[in-house]
Every structure is written in C-alpha cells, then in structure tokens.
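All of these numbers come straight from a predicted model, not from anything done at the bench. In what follows, every heavy atom counts, from backbone to side chain, and hydrogens, waters and symmetry copies are set aside. We're numbering straight along the sequence, starting at 1.
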Amino acid sequence: MIARRDFLQAALAASAIWGASGMGDWARLAARQALSQDRLLEFDSFGNVTLIHVTDIHGQLVPVWFREPEVNIGVGAAEGQPPHVTGADFLKLYGIAPGTPEAYALSYVDFVSLARSYGRMGGLDRVATVIKAIRADRPEALLLDGGDTWHGSYTCLRSDAQDMVNAMNLLKPDAMTSHWEFTLGLDRVNEIVEGLDFAFLGANIFDAEWDEPAYEPYRIFERGGAKIAVIGQAFPYLPIANPNWMFPGLSFGVREERMAEMVREVRGKGADLVVVLSHNGFDVDRKMAGNVPGIDVILTGHTHDALPEPVMVGQTLLIASGSNGKFVTRLDLDVREGRMMGFRHKLIPVFSDAIAPDPEMAALIERERAPYRDEMAEVLGTTDGLLYRRGNFNGTWDDLICNALIDEREADIALSPGFRWGPSLLPGEPITREDLYNATAMTYPNAYRSEMTGEMLHTILEDVADNLFNPDPYYQQGGDMVRVGGMGYRIDVTRPQGSRITGMTLLKTGEPIDPARSYVVSGWASVNEGTEGPPIWQVVEDYVKRQGTVRVDPNKSVVVSGA
C-alpha cells in the first residue's frame, strides 16, 4: 500500500480542477450561482475506474424537500469532526458561501427561503439522468447502492417494495447492501433477491443456527483493466434496532474480524481495489477503516451524511452520499500495479429543476404511482411551519406525531422513534396522505398505549442515549434520540450510561417525573411482536384533519449540555 503522503501527492497532482476532494470547484460553482445540468454534471475524467454511489433513498421516487440536520453531535474521537459539523460551521469548513445552491443542499441554514429559490431535490428520474451521463463518459463505471432502498413511502409500502425493485432494476446497479429491506420480512426479501439482476451483498449476515454466511459476501468485478472487490456490509444492529421476528434465523453484527478476513481473501484472489459497500453508519465505518487494513474505499450509509469531500482514515477513503436521492457520488480512481494511486471525487447535488428527468425512468415512476395517485394526493390539512425530522433530538415532524399520539390516544407522554428518514414540508404547504406516509410508512406501525413508571421512562431514555452517544462507535446501535412529547428532560452527552438523563418533567403540570408513579404513554414502531393499536398514519391523519392547520410550537423541552 502507498503511504498517506504519497497518496495525497498523487491525488493532488492528478486533480487539475477537483483536487483531492472537489472542494475547489464547489466553491467556484457556489460563487457563480450556476444551476445548469451541464455544470452540475461537469467532471474531468480521471484514472481507469469509476464508482457511482447512491444510498438511503428510502423509497423516494419523486423530488422532495429534505432539510439537513441542525444538531449532529459527535462524541469521543468523532467530536467536532465531519459529519458532526452543521450549519454555518459546516459552510465555513468546506468554503461554501451562504445563500448558494450548495449551502441549501448541504445545510439547514436559511432552508425555507433557499428551498423556495432552488426547488426540490432528488427524484429517481433525475438520478437516472445523472447516472446515465456518468456511464456515457465511463461505460465500465460500477453503480453501488448502499441500502435503505426498499422502504419509506406510500407506494413502497403498498406495493411491498415492488415499485423500488422495478425502479432499481431499471437503473441496473452492480451491487447493493441492506438495512430496512429486512423489515419487509425474510420471505419477501429472499423472493426479491432471487429475482435481482445484481448482487445483494452482506458479508456480516449469517445463518444463526449454522453460523454460515446467509448471503453473498462480496463480488469481484473487472473494470478498466483492474480487479475491483466490492464487499457488502449490512446494518450491523438489525436485531436490536428493528424487530428480529421479521427476519428469524439471521444474525448480523459489525464482525470486524470477518471483514478483515474478507479483505485478505479478495486480495488473495488478485483484487487491485477493495471497496466496502457499507450500511454501518459513518462513525462505525471510521473505526472500521482504522482497524481493518487493506480497505481502499468505504462507501458509507445509514447516517444520511452528505459530505462534499472524502474523509481519509489512514489510507482509506470514506465517502458519504447523503439520502433521499439528493445526491449521487462519482469517484474516479487511478488503480495501477495492484494499488490505488489517486482519486477525483464529486458529490453531485440532484436539483430537480435543473436536471432533466430521464424519460424511461419517468415513465416507470408514473406507472408505479398511478394506482395510488388519488389516495396519496388527498389533502389532510395544512402546516403552518416547517416540518422536518432529521437531527439528534426532536424535529417538528415528530413533534406533530407526538402531539397526535397524546391527543388521539389520551396519553400523558408520547414517544416517537428517532428515525432519520422522512422528507420535509415547507410552511403553508398542504399535508397530503403521501407526505404523512413519507414520515410513517413501515411494516410495524401500530400505535400502542400502555402504562410506564417514571423509572422505566428514565431507563428507556438512558438506553437510547447510549446507542447514540457511547464514545465507542461499535456501541452506537440505533438512529437519533427517541423523540418525546409531553415530557422534558436534560441530557449531558459526556456522561456515562445511566447518568446522562436528569430533570425529567411532566410538561402539562410542571412536576418532576416520579420514578414510582405510572404514566400513560403512547408510542409507535415497537419491536415487540403482537403490538396492538391503530397504525400511526391513521392516528396522525385523524389529528391533522381535526386541526385543519397544524401548528407545532418551538420545542424547548430538551436541554442539551456537554456538546
């Protein structure tokens, strides 16, 4: 392997426009305020290998609004490091001018006004246009899908993910890995996998009874005169974060030693370039990159991070390509003499007003959506303010969901899981049934109503907080912090498990939560089999229809320290 200094020198020498990261051109593009398709797709080809990466599309066939996080706290070695930099600090770090298209795409700053200026992003017909343009330039490019693809929308839920399967088959990726896919149920996943024209990879997925690999761990491709090994890494914590009864008999895990074994194996088979197609999450991948030698590139997913330049860990590039179809990554590599000599990278923002829809994909999307169009288009109400989800703590979409749970289920306290998926809605926009399902569509949606003691609530908050703020990334096992309605608390993210959460208060009375007292709690997305209650989308639909215009007050009930 080449030394870090030599690698950077080779990359910089080879990068007349993009440099090692592409940031020089991002700054020029921002300064010129250019939003043309040709400009967005402009790229000086480099080397002999091209990787195209998409991830965390979450069933979004059409363009969306998606606000990037305001709060994304890093702990331990990740503190203050990308992707745990947001807002104005993010723009400053990457030299992006406020008010530009790039500032809109990559940060929450002035999101509403910039959204109205620059329009929606994504749409698989626009993504298809980008991918076809890259393939026209580099016919041997590898298209790799990081997972969370067959999940997250009205049509995906109603079609049992067939809409997304059909769309991705049309895009013709070379390989994918997985996470939420398994919440379709193991039988459905296997049915789809058997019919795919591309590899479904998961080196860390095992048959629990026989301790044998359950899916293909890697695939070796010959492109540009080089052997490229793509190793799949599915979300490691599926049986913890999602209902394990939906995929019985499978075990997951980070399996660092297994990854090291796979790297050695593919190198032994002559791989010149080793790529990990991962759904670990950024910080887990950062640790894995530092611990497992021989990985050239990790295409990371799960945490929805969009970074305009790679993060380098030793001799490994970490590439983060965002979510919801907002971005497509192009990575050109110079692979010679059995090693990576340099790279050129671009995170391509998919501005739906600037990029022409691909006719073939647009026709497929129309066919997939047609049977559901009238149901999806029904207006349930109007939002007075911005509805968004993404962030370590409460977002307004989940505040709305919690308000609905408290009112419709007659609860004291509401809990909404810290999911990252779900597009945004701008102030004054109608809330359609499709919008609601974009934030709630899943296969275990029942809204439970039960009694919990204050002590149990404290335990739940502490457990989820440790999944997010444990300084060891391998113990960060979930999404963002559980969203809470009807209750406030304080959290010190620097404290050890069991002592992060204090000051729990019942908001309607202002009284401290009593550890011994029982409270009526409503929530949804329980991983327990047989959970009873109406689906969450019905609860929220009833609430929104009664409200007419939905107003979500600013949430100041969570006080964060240590960040």
Side-chain angles (χ1 to χ4, degrees), residues 54 56-66 115-116 119-129 148-171 180-181 183-184 188 192 323-326 350-353 355-383 387-389 397 400-401 404 421-443 445 534-550:
V54 294
D56 294 281
I57 294 172
H58 283 289
Q60 299 305 316
L61 291 171
V62 299
V64 298
W65 311 112
F66 188 84
R116 289 176 171 147
R120 295 176 187 264
M121 298 193 69
L124 276 193
D125 50 0
R126 277 78 165 180
V127 169
T129 295
D148 275 3
T149 306
W150 313 337
H151 160 271
S153 70
Y154 190 98
T155 57
C156 195
L157 183 68
R158 294 294 182 230
S159 69
D160 213 12
Q162 195 60 48
D163 66 329
M164 288 303 298
V165 172
N166 294 342
M168 296 308 290
N169 278 337
L170 184 59
L171 279 181
W180 276 92
E181 284 74 11
T183 64
L184 293 169
R188 176 59 176 155
I192 295 172
S323 66
N324 288 273
K326 282 183 67 176
V350 183
F351 290 100
S352 62
D353 290 343
I355 296 176
D358 172 70
E360 190 177 14
M361 181 62 79
L364 181 145
I365 291 171
E366 175 62 28
R367 290 195 300 272
E368 297 296 338
R369 289 171 58 82
Y372 312 103
R373 190 170 299 281
D374 290 345
E375 302 161 32
M376 292 192 297
E378 182 178 341
V379 174
L380 311 178
T382 303
T383 177
L387 293 181
Y388 65 90
R389 168 170 281 164
W397 252 123
L400 170 58
I401 291 171
W421 51 273
S424 307
L425 274 183
L426 300 186
E429 286 196 310
I431 303 172
T432 66
R433 184 171 287 114
E434 180 175 20
D435 297 324
L436 174 55
Y437 273 69
N438 280 344
T440 58
M442 57 186 298
T443 54
I536 186 60
W537 50 76
Q538 190 61 59
V539 173
V540 181
E541 178 173 326
D542 292 345
Y543 176 80
V544 171
K545 284 182 172 178
R546 284 198 302 104
Q547 297 291 316
T549 297
V550 173

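For the pair V62/I365, a side-chain contact is recorded, criterion being any heavy-atom separation below 4.5 Å from C-beta on. Considering only heavy atoms from C-beta on, D435 stays 4.5 Å or farther from E429 through its side chain.
Atom CG of L364 sits about 6.0 Å away from atom CE of M361, to the nearest 0.5 Å. Atom CD in Q538 sits 10.5 Å away from atom OG1 in T440 (nearest 0.5 Å). Note that OG1 of T432 is 9.5 Å distant from CD of E378, once rounded to the nearest 0.5 Å.
Looking at R546 and E541, no side-chain N of the basic residue comes within less than 4.0 Å of a carboxylate O on the acidic one, giving no salt bridge.
Between W180 and H151, the two ring planes are parallel [angle under 30°; tilted spans 30° to 60°].
In this model, a donor atom of one side chain and an acceptor atom of the other lie less than 3.5 Å apart for R158 and Y437.
Across every non-hydrogen atom of L157 and M442, the tightest pair is CD1-O, 3.6 Å.
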Open item on the list: With side chain to side chain donor-acceptor pair (under 3.5 Å) as the criterion, how do E434 and N438 come out once you've worked through the C-alpha distance, each side chain's angles and the decisive distance to 0.1 Å?
Closed with: CA-CA 6 Å; E434 180 175 20; N438 280 344; 4.8 Å; no
Task: Chi angles and distances behind the side chain to side chain donor-acceptor pair (under 3.5 Å) call for D163, T155 - done: CA-CA 7 Å; D163 66 329; T155 57; 2.6 Å; yes
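Scanning for salt bridge (Lys or Arg N to Asp or Glu O under 4.0 Å) contacts around D125 gives an empty result, with sequence neighbours left out.
Using modelled atom types, one side-chain atom of R389 and one backbone atom of W421 make a donor-acceptor pair closer than 3.5 Å.
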